[in-house]
Amino acid sequence: MLHQSSLPARRAAAAAGGVLLLAALGINAPAHAASYGTPTIGLSVSYLSGAVGASGDPAVTVTVAQSGADAAELGVAASASSKPSVAGTGDVTVTGTGGTRKLTVAAHGRGYTDLTVKVTGLGGKTATRTLHYAASAAVQNAADTRYLTGSSDSSAAVDVGGGYVVVADDESNTLRLYDRSASGGPVRSWDVGSELGVSKEIDIEGAARAGDTIYWTGSLGNNKDGEYKSPRNTVFTTKVTGSGAATQLTVGGSYRKLRDDLVAWDKANGNRLGFAAGTADGEAPKQIDGFNIEGLEFAPGSKTTVYLGFRAPLVPPKAGGKALIVPVTNFDKVAGSGAKAVMGAPIELDLGGLSIRDIRKNDADQYLIVAGSWAADDNSDPYALYTWDGVASHAPVERTELPTADPGGWEAVVDVPDLTVPGARAQLITDAGSADLYGDGTEAKDLDHAEWKKSRAVWFTVGG
């Protein structure tokens with residue numbers, strides 16, 4: 001009796017016969033899963049910093065591949081978190097298709113976590129990489145805040161057009177180029193120390209631009225232990241070529257005796273400002289009668305005379321004293337070719353007992369002054385933003401108090417918009433080197449990984 005086989009059985013038999021026929025003819029059958037290699041996965045960075053509630057936190061580029069498979073068929077996701085209270089797998093978003101994806105993290109707690117990022121390929125094969133993630137706390141003005149990573153000790157900033165800024169660091173001799181609109185690391189950087197012949201920090205604190213030249217100054221003061229360190233007595237120039245993301249800097253001239261010139265000038269005028277005492281051996285710079293420069297900007301209508309803005313001393317050196325500016329009338333030649341400095345009459349400004357932490361102007365000679373304590377390295381004392389016209393006999397006007405609830409002291413103004421335009425905004429940058437960003441008691445400047453170091457750049461309305 002004949003029995004009719006089922007349809008699946010007949011198909012299986014036919015397939016088996018086909019395989020035998022192909023084998024007999026010397027033709028290999030498809031390998032399917034056996035031909036898929038182990039997938040690969042790479043991260044553009046291994047360490048990343050974010051912030052709770054941040055806008056525009058940096059993204060990580062994820063690259064994936066698998067032999068024998070189209071990259072579009074691979075899955076990428078976070079598969080584990082060592083501390084979900086900081087950021088869990090559900091807080092990780094991966095976008096894009098193909099071999100390159102973008103990964104972002106939305107933190108909801110301060111601290112550290114290791115995120116496992118997994119690629120799942122065909123044939124069930126997988127591979128992983130670890131992203132070491134650190135999240136700082138939520139801040140005020142979060143929507144207007146960006147984080148400049150790679151350094152926490154931002155100290156001076158100069159706009160170079162196209163939405164980019166060059167930022168100095170007072171803990172190193174490195175200048176960094178950042179996109180002002182986005183959080184993340186520098187586009188490029190320049191270590192100027194070797195070209196200037198210095199191996200220790202210049203303690204760069206001020207900058208001003210005239211044409212294609214940026215002028216930079218060290219603090220000129222002693223170090224925190226009251227010791228004279230010659231690299232701090234440095235002013236120098238960089239020439240700018242290009243703009244925006246294509247900006248390039250070339251070191252130009254320098255001078256290492258401006259502090260000496262200032263002390264000698266003050267002595268010749270009766271030691272009225274106390275520069276000799278403020279620079280004496282054993283004197284710390286950040287005292288009410290100390291010696292420390294933090295602001296540099298050109299005088300109205302000039303490309304040769306600069307204003308040196310002092311963090312210390314106040315004049316007179318007591319509570320309620322005035323902030324000090326000393327004009328240097330030939331600064332282009334001082335920094336450019338090493339000429340001895342020529343000083344003008346000192347200017348005293350009433351900033352409510354605060355001193356100058358930065359000074360910046362626009363082409364219309366409208367000035368913004370960041371006023372802060374001569375003492376504080378963080379935000380433990382008040383900060384305020386003043387407008388001024390650069391005229392010695394005219395008083396500055398307080399525009400707004402600056403918030404102090406978040407980590408970092410206000411340190412730099414990137415540029416000055418037309419202050420007569422309602423709603424015009426200026427971007428200010430903090431020095432967060434002394435801040436405990438992640439709640440473990442470590443100051444930002446001492447963090448092990450540069451990617452976790454950062455300063456805040458915040459937009460404030462100043463016009464109208």
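The residues of the chain are indexed from 1 along the displayed sequence. Computed from a predicted model, the values in this text were never measured in an experiment.
For the residue pair Val240 and Gly242, the shortest heavy atom distance occurs at CG1-O, 3.8 Å. Counting all heavy atoms, side chain and backbone alike, Tyr386 lies closest to Ala384 at CE1-CB, 3.8 Å. A pairwise comparison of heavy atoms in Gly301 and Asp365 identifies N-OD2, 3.2 Å as the closest pair. The two residues Val416 and Arg360 come nearest to each other via the heavy atoms CG2-O, 3.3 Å. Across all non-hydrogen atoms, the minimal contact from Val45 to Val60 is CG2-CG2, 3.9 Å. When all heavy atoms of Ser81 and Ala87 are compared, the closest pair comes out as OG-O, 2.6 Å.
Taking the charged nitrogens against the carboxylate oxygens, Arg357 and Glu411 do have a contact shorter than 4.0 Å, which makes a salt bridge. A salt bridge is absent between Glu348 and Lys322; no separation between the charged side-chain nitrogens and carboxylate oxygens falls under 4.0 Å. With respect to the salt-bridge test (charged N to carboxylate O, under 4.0 angstrom), the residues Asp415 and Arg180 qualify. Using a 4.0 Å cut-off between a side-chain N of Lys or Arg and a carboxylate O of Asp or Glu, Arg176 and Asp169 qualify as a salt bridge. Electrostatic pairing of Asp261 and Lys340 does not count as a salt bridge here, judged by no charged N lying under 4.0 Å from a carboxylate O. One finds a salt bridge joining Lys229 and Glu227 here, because a Lys/Arg side-chain nitrogen approaches an Asp/Glu carboxylate oxygen to under 4.0 Å.
Applying the side chain to side chain contact (heavy atoms under 4.5 Å, CB included) rule to Lys267 yields the partners Val263, Asn271, Ala276; only residues at least two apart in sequence or on another chain are considered. With sequence neighbours left out, the salt bridge (Lys or Arg N to Asp or Glu O under 4.0 Å) criterion links Glu205 to no other residue. The ring pair (Phe, Tyr, Trp, His ring centres under 6.0 Å) check on Phe275 picks up Phe291, Phe310, with sequence neighbours excluded. Residues passing the side chain to side chain contact (heavy atoms under 4.5 Å, CB included) test with Pro403, sequence neighbours excluded: Gln140, Asn141, Trp410, Phe460.
Leu308 CG to Leu258 CG: the interatomic distance, rounded to the nearest 0.5 Å, is 6.0 Å. Atoms OG1 and CG, on Thr237 and Asp332 in that order, are 10.5 Å from each other to the nearest 0.5 Å. Distance check: Ser183 OG to Tyr147 OH gives 7.5 Å after rounding to the nearest 0.5 Å. To the nearest 0.5 Å, atom NE2 of residue His132 and atom CG of residue Asp114 are 5.0 Å apart. In this structure, Leu115 CG and Tyr133 OH are separated by 8.0 Å, a value rounded to the nearest 0.5 Å. From Ile204, atom CD1 reaches atom CG of Asp170 across 9.0 Å, with rounding to the nearest 0.5 Å.
With Thr234 contributing its side chain and Pro231 its backbone, the two residues share a donor-acceptor pair below 3.5 Å.
A donor-acceptor pair shorter than 3.5 Å can be found between the side chains of Trp216 and Thr238. Side-chain atoms of Lys454 and Ser49 form a donor-acceptor pair, as typed in the model, at a separation below 3.5 Å.
Annotation for Lys445: atom NZ counts as buried by contact number, over 12 foreign heavy atoms lying within 6.0 Å. Counting heavy-atom neighbours within 6.0 Å of Asp363 CG, excluding the residue itself, gives a total of 12 or less. Taking a 6.0 Å sphere around CD of Glu401, one finds it holds 12 or fewer heavy atoms contributed by other residues, nucleotides or ligands.
Looking at Val326 and Tyr307, their side chains never come closer than 4.5 Å, going by heavy atoms from C-beta outward.
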Q.
Does Arg110 form a side chain to side chain contact (heavy atoms under 4.5 Å, CB included) with Asp436? I'd like the steps, not just the answer.
A. CA-CA 11 Å; Arg110 181 187 186 199; Asp436 175 9; 3.8 Å; yes
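Applying the ring-ring contact (aromatic ring centres under 6.0 Å, His included) test to every pair with at least one member in residues 324-347, sequence neighbours left out, gives these pairs: Tyr215-Phe331. Pairs passing the ring-ring contact (aromatic ring centres under 6.0 Å, His included) check and including a residue from residues 93-112, sequence neighbours excluded, read Tyr112-Tyr438, Tyr112-Trp452.
Applying side-chain hydrogen bond (donor to acceptor under 3.5 Å, both in side chains) to Asn222 and the options Arg259, Lys286, Glu283 leaves one that passes, Arg259.
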